[in-house]
Amino acid sequence: MTMCALPAVTGFLAEIRQDGGRPLEPVFASLGSRATPGERTADQSLRTVLLHSGAPDGAYAHARGRTLVLAGELYNQDELVRLLPGHALPDSDAALVLALFGRYDVHAFRLLNGRFAALVAAPGRAVLATDHAGSVPLYVSAAPGRVLAATEAKALRTAPEGRPVAARPVRRLPGTHQVPAGTVLDIEVATGNPVTHRTWAPPLARRIVREEEAVESVRRALERAVRVRTGGGTPLVVLSGGIDSSTVAALAARRSAGPIGTVSMGTEEADEFPQARVVAGHLGSAHREVTITTADLLRRLPHAVWAAECLDADIIEYLLPLTALYLELGGTGRRVLTGYGADIPLGGMHREDRLPELDTAVCHDMDTFDGLNEMTPTLSGIGGHWSTHPYWDRDVLDLLVSLEAGLKRRYGQDKWVLRAAMGDVLPHEVVVRPKLGVHEGSGTTSSFTRLLTDAGVPPDRVRDAKRLVVRELFDLVVVDGRHPDEVATGAVVELVTDRLASGARPVPR
């Protein structure tokens, strides 16, 4: 199946109502055209706003009284089709999922490997589903007679207060919750009562395999994850020159008919341009370097919070360089592949040789990734692009997490199994290069810290100040509906500095 640059639909707002209430005003950070299909039955209505790339029908399917809306894309269509009678290939991912729902009901979502958020409207029911990683965030507000759902929380900021459900509440949006990763909420519309089904969980058991078997398995899984994300097109790969992004770039280049595109981002304070050039030259990619001043980088803090809808200051710090880069890319919508996220299943930020501590770190990171929105496509969507992350493919994640810790830290190297898998594809200096986080390689952490200390924040209060800044930005751009272009980072920093100086209590961790 040839893959287009962007999925048919990248986001949605959907309202299932029996109360005939007034529709919400659609608000998205992601760019895209809008379509507004809707349907009415004897007992309820469905209104949708689809954020689409030119073919919204590909993400909207109706059959046997059920309607499905799908934001995102699937990566295992060939396997899924074999489950349908006659192995007939539906004409879209949405039609495929709806056909599977007709056979398996909510359990269909246990079968999907993809990057998606979905809603099924059936008589008296609203079924909401996230992919295994919740990589396309999904939010819900439910009450008797109505279920409202959206891929961005800000789209529900004016929703009437919903009832509590077994999901994470969104700050200062009463009754709005984020659907957990790998979860289906099956909601009875008349009462607003949900039944929760888990469709995926990180593996807890660890596989004991020979080195060569582990290396070959990782190589095959990553090759497939890259292949199904590129189709017949030529992607753009965010390249730092580290093992994670270089692996994605190399595997994309090996299956591309022509040169792939690669792009690196840095500031006047720090960059990884020389390391990325080594990889780009080795692959023969069409390479671009983007330099963003630290002042402009920090000016994008409101945009990073606006896109990620995240309150974790550390995560926003990681995502800020990517947000700034996506906004600088320009041009028409690109399919962007990244190496983001490899450290979580492989324990790449845990730089010591004690294996119990390494596996403890992996377990903790896999237990706590949900709700941070690190993988949200809205980060690239605010620039009109679509990003996808091969390391968080369901099959890749199942494999990497389950490998025993001695394959992740071996011979004094972090992420050994990945480095060994790419030893014959990448230059040696890339394979052995030590890990450096994107926020470190771009100077983001030091710039953000200096911004606060220059404003008068004591060094021992910098972490608290960062949390307060992110919380204030969240309230402005998500809860209050301000556009980030209207929010000055400096003014927020000044406000936070004054609060700390007046004796404000530290932000809870």
Side-chain angles (χ1 to χ4, degrees), residues 9 11-30 34-51 60 67-69 71 117-130 134 136-180 183-196 305-306 308-311 371 373 376 378 471 473-483:
V9 162
F12 64 75
L13 167 63
E15 305 182 45
I16 299 176
R17 291 183 180 266
Q18 294 176 339
D19 61 8
R22 183 176 181 179
L24 300 178
E25 180 70 24
V27 178
F28 300 101
S30 291
R34 298 185 184 186
T36 55
E39 296 171 5
R40 179 177 292 276
T41 63
D43 62 344
Q44 67 186 31
S45 64
L46 169 65
R47 301 165 176 159
T48 56
V49 180
L50 307 180
L51 198 66
Y60 190 91
T67 301
L68 182 134
V69 180
L119 175 141
V120 179
R125 299 169 69 192
V127 178
L128 307 178
T130 55
V136 179
L138 183 60
Y139 301 90
V140 59
S141 175
R146 62 173 169 80
V147 177
L148 314 178
T151 51
E152 297 183 34
K154 63 184 71 66
L156 300 179
R157 58 176 292 270
T158 61
E161 184 170 348
R163 63 180 303 163
V165 299
R168 184 183 302 102
V170 179
R171 171 178 165 80
R172 289 189 56 204
L173 296 183
T176 296
H177 298 77
Q178 183 169 5
V179 181
T183 297
V184 171
L185 292 183
D186 190 354
I187 302 173
E188 183 181 42
V189 179
T191 63
N193 292 330
V195 176
T196 301
V305 176
W306 187 54
E309 298 183 324
C310 176
L311 286 160
N373 295 352
T376 175
T378 309
R471 180 175 293 189
L473 290 172
F474 183 93
D475 289 349
L476 289 170
V477 300
V478 177
V479 178
D480 296 341
R482 297 272 298 278
H483 191 280

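- Atom CZ of R171 sits in a crowded spot, with more than 12 heavy atoms from other residues, nucleotides or ligands closer than 6.0 Å.
- Side-chain N or O atoms of N373 include one that pairs as donor or acceptor with a backbone N or O of A308 at under 3.5 Å.
- No donor-acceptor pair under 3.5 Å is formed between the side chain of E39 and the backbone N or O of Q44.
- In this structure, H177 contributes its side chain and G175 its backbone to a donor-acceptor pair below 3.5 Å.
- In this structure, CG on L50 lies 8.0 Å from OG1 on T36, to the nearest 0.5 angstrom.
- Using modelled atom types, one side-chain atom of T130 and one backbone atom of T183 make a donor-acceptor pair closer than 3.5 Å.
- Listed for the R172 side chain is no donor-acceptor partner under 3.5 Å among the backbone atoms of D480.
- The side-chain heavy atoms of R17 and L148, taken from C-beta on, include a pair separated by under 4.5 Å.
- A heavy-atom distance below 4.5 Å is not found between the side chains of Y139 and L173.
- Formation of a donor-acceptor pair under 3.5 Å by the T48 side chain with backbone atoms of P37 is found in this model.
- The backbone N or O of L24 lies less than 3.5 Å from a partner atom in the side chain of E15, making a donor-acceptor pair.
- When every heavy atom of G11 is checked against every heavy atom of F28, the shortest pair comes out as C-CE2, 4.5 Å.
- Put simply, the side chain of R482 does not reach to within 4.5 Å of the side chain of W306, judged on heavy atoms.
- Just one of V140, T176, L156, V479 meets the side-chain contact (heavy atoms from CB on, under 4.5 Å) condition when paired with V170; it is T176.
- Looking only at side-chain heavy atoms (C-beta outward), E309 and P137 stay at 4.5 Å or farther from each other.
- You'll find the side chain of R146 reaches within 4.5 Å of the side chain of S141, heavy atoms only.
- A 4.5 Å side-chain heavy-atom check between T378 and E152 finds at least one atom pair inside the cut-off.
- The two residues A143 and G162 come nearest to each other via the heavy atoms CB-CA, 4.5 Å.
- D186 places a side-chain heavy atom less than 4.5 Å from the side chain of R125.
- Taking both residues in full, the closest heavy atoms of P26 and L13 are given as CA-CD2, 3.9 Å, listed atom of the first, atom of the second, then distance.
- When atom types are taken as modelled, the side chain of R471 and the backbone of L311 share no donor-acceptor pair closer than 3.5 angstrom.
- Between L138 and A129, the closest heavy-atom pair is CD2-O, 3.6 Å.
- With contacts defined as side-chain heavy-atom distances shorter than 4.5 Å, the pair L119/I16 qualifies.
- Between F12 and A71, the shortest heavy-atom contact is CD2-CB, 3.7 Å.
- T158 contributes atom OG1, which lies 9.0 Å from atom CZ of R22 (distance to the nearest 0.5 angstrom).
- In this structure, CG in N193 is found 12.0 Å from CG in L185, a value given to the nearest 0.5 Å.
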